[in-house]
Amino acid sequence: MPEDHDKDVYPEPPRQTPMVDKQTALPNPALILSKLFYYSVDLPVTKFRGVIEGIQGEKKSHYYHQKFRRVPELTECQEGDYLCYYEAEMQWRRDYKVDQEIVKVIQERLRACQQREGPSYRQNCAKELQQFDQVSKSFQLRYGDLGAYASSRKCLMKQKERMMAEAQKA
Amino acid sequence: MVGMSVLRSAAAFTARLNPLKRHQLSTNLLSRTVARTEQVAVRHGSHGKRMFIIKPTDFYDRRFLHLLKYYILLTGIPVAALVTFVNVFIGEAELAEIPEGYEPEHWEYYKHPITRWISRTFYDSPVKDYEKMMALIHIETGKAEMRQTQVEVRKHMREKGDGPWFHVKTLDKNLIDHSPKSSPDN
């Protein structure tokens with residue numbers, strides 16, 4: 001299998017799987033099925049992967065995550081400075097993608113938590129629920145109905161509307 | 001007519017007698033008698049009698065499917081073989097931290113070797129694309145600016161009239177006849 005991500009950078013939450021408390025003498029079908037799956041699918045696939053990696057050799061090429069410098073945002077641009085607008089727009093688009101991925105990660109955590117806890121997820125996953133609630137609400141506030149042709153300018157106008165509504169309410 | 005029917009009945013009689021030797025009249029094939037076959041357990045040494053099964057033509061359908069398979073596999077198999085060999089013998093890249101003081105090439109930001117090759121051979125780096133777009137924007141900004149100033153300058157020159165534009169051609173002042181003006185009380 002290819003190497004997993006760095007566990008120190010993206011730590012997984014501690015496992016909350018309960019201890020096995022077997023009270024019958026009958027065999028556990030889930031265990032049987034999982035062992036079956038392991039021996040029929042998992043082990044051959046892993047062995048095959050090992051063979052292929054043996055063929056490939058040790059010299060591996062690397063790929064990196066690109067790091068982008070921060071540039072002045074749309075609010076810090078002079079009026080009519082289209083170059084500044086373009087750079088701010090590109091930065092905003094990258095940030096939009098990053099925010100989408102953040103929401104996906106939080107969703108994934110909530111989903112995993114629900115799967116783990118089963119029927120009692122509403123109490124046990126309170127933290128994940130609250131986190132997801134907060135993140136999705138703020139995402140909706142900032143990027144909510146911008147649509148397919150979203151741009152940094154439209155987002156800024158949305159923020160302006162929000163601030164005006166807040167000022168009116170106060 | 002009567003002779004014909006006698007002959008026909010004689011032929012039928014002989015057919016019934018000896019089913020193996022039937023002398024068919026070529027004109028009257030429709031009225032021939034069928035050999036009466038008794039129910040006998042027969043063991044064939046072959047696959048039975050070869051039948052000519054009458055059904056609508058499947059020539060066009062089979063030809064279409066054959067050609068479809070042929071043209072799909074013509075490029076499909078080389079592409080599949082290529083991708084398999086690349087995945088088996090070259091393998092995908094591994095994620096690594098960017099080493100200190102090292103600027104990765106633009107293709108080193110992709111994982112799959114074919115994507116890396118395409119990015120290296122055919123595409124400009126995204127940085128270059130960004131800069132190209134910025135250059136275009138810069139040129140267009142210059143053009144817009146120049147057009148704006150031109151319009152403003154036109155307005156001013158038309159108003160004030162002392163600029164190089166909007167000259168109205170007047171006659172040459174040497175052509176003016178000053179002679180009637182030299183004696184005022186004419």
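Throughout, protein chains are lettered first and strands after them, A, B, ... in sequence-line order, and every chain is numbered starting at 1. Just the heavy atoms: all of them, side chains too, but no hydrogens, waters or symmetry mates, feed the values below.
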How about residues 82-107 of chain A versus chain B: which residues have heavy atoms under 4.5 Å apart?
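Residues in range: A:Y82, A:L83, A:Y86, A:E87, A:M90.
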Taking the basic N atoms (NZ, or NE/NH1/NH2) and the acidic carboxylate oxygens, is any pair closer than 4.0 Å for B:K128 and B:E131?
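No, no charged N to carboxylate O under 4.0 Å.
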Apply side chain to side chain contact (heavy atoms under 4.5 Å, CB included) to B:E152 and B:Q148, showing your working.
CA-CA 6 Å; B:E152 227 187 292; B:Q148 284 242 313; 5.8 Å; no
What verdict does the salt bridge (charged side-chain N to carboxylate O under 4.0 Å, His left out) test give for A:E161 and A:K158, after you've listed the backbone C-alpha separation in whole Å, the side-chain angles of each residue and the deciding distance to 0.1 Å?
CA-CA 5 Å; A:E161 289 288 313; A:K158 189 169 183 215; over 6 Å; no
Once you round to the nearest 0.5 Å, how far does CD of B:E97 lie from NE2 of A:H65?
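Going from the CD atom of B:E97 to the NE2 atom of A:H65 covers 8.5 Å.
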Rounded to the nearest 0.5 Å, what separation is found between the CZ atom of B:F166 and the CZ atom of B:R158?
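Between atom CZ of B:F166 and atom CZ of B:R158 there are 4.0 Å.
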Test ring-ring contact (aromatic ring centres under 6.0 Å, His included) on B:F122 and B:W117 and set out the steps.
CA-CA 8 Å; B:F122 301 118; B:W117 176 75; 5.4 Å; yes
Residue by residue, scan residues 59-72 of chain B and write down, ordered by number, those that have a heavy-atom distance under 4.5 Å to chain A; if none do, write 'none'.
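So far as heavy atoms go, nothing in residues 59-72 of chain B approaches chain A to under 4.5 Å.
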Scan the side chains in residues 137-147 of chain B for donor-acceptor partners under 3.5 Å anywhere in the protein, sequence neighbours excluded, and list what turns up.
| from | atom 1 | to | atom 2 | distance (Å) |
| --- | --- | --- | --- | --- |
| B:E140 | OE2 | B:K143 | NZ | 3.1 |
| B:T141 | OG1 | B:I137 | O | 2.4 |

Determine whether B:F89 and B:V86 fall in the same hydrophobic cluster, where Ile, Leu, Val, Met, Phe, Trp and Tyr are linked whenever their side-chain heavy atoms lie under 4.5 Å apart.
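They do not share one cluster, since no chain of ILVMFWY contacts under 4.5 Å joins B:F89 to B:V86.
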Any luck finding a side-chain donor-acceptor pair between B:H106 and B:D124 under 3.5 Å?
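Absent: no donor and acceptor within the cut-off.
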Residues in disulfide bond (SG atoms under 2.5 Å apart) contact with A:C155, at least two apart in sequence or another chain
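Partners of A:C155 under the disulfide bond (SG atoms under 2.5 Å apart) test: none.
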Measuring heavy-atom distances to chain A, does B:Y110 have an atom under 4.5 Å in its side chain, in its backbone, in both, or in neither?
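Contact with chain A: backbone only.
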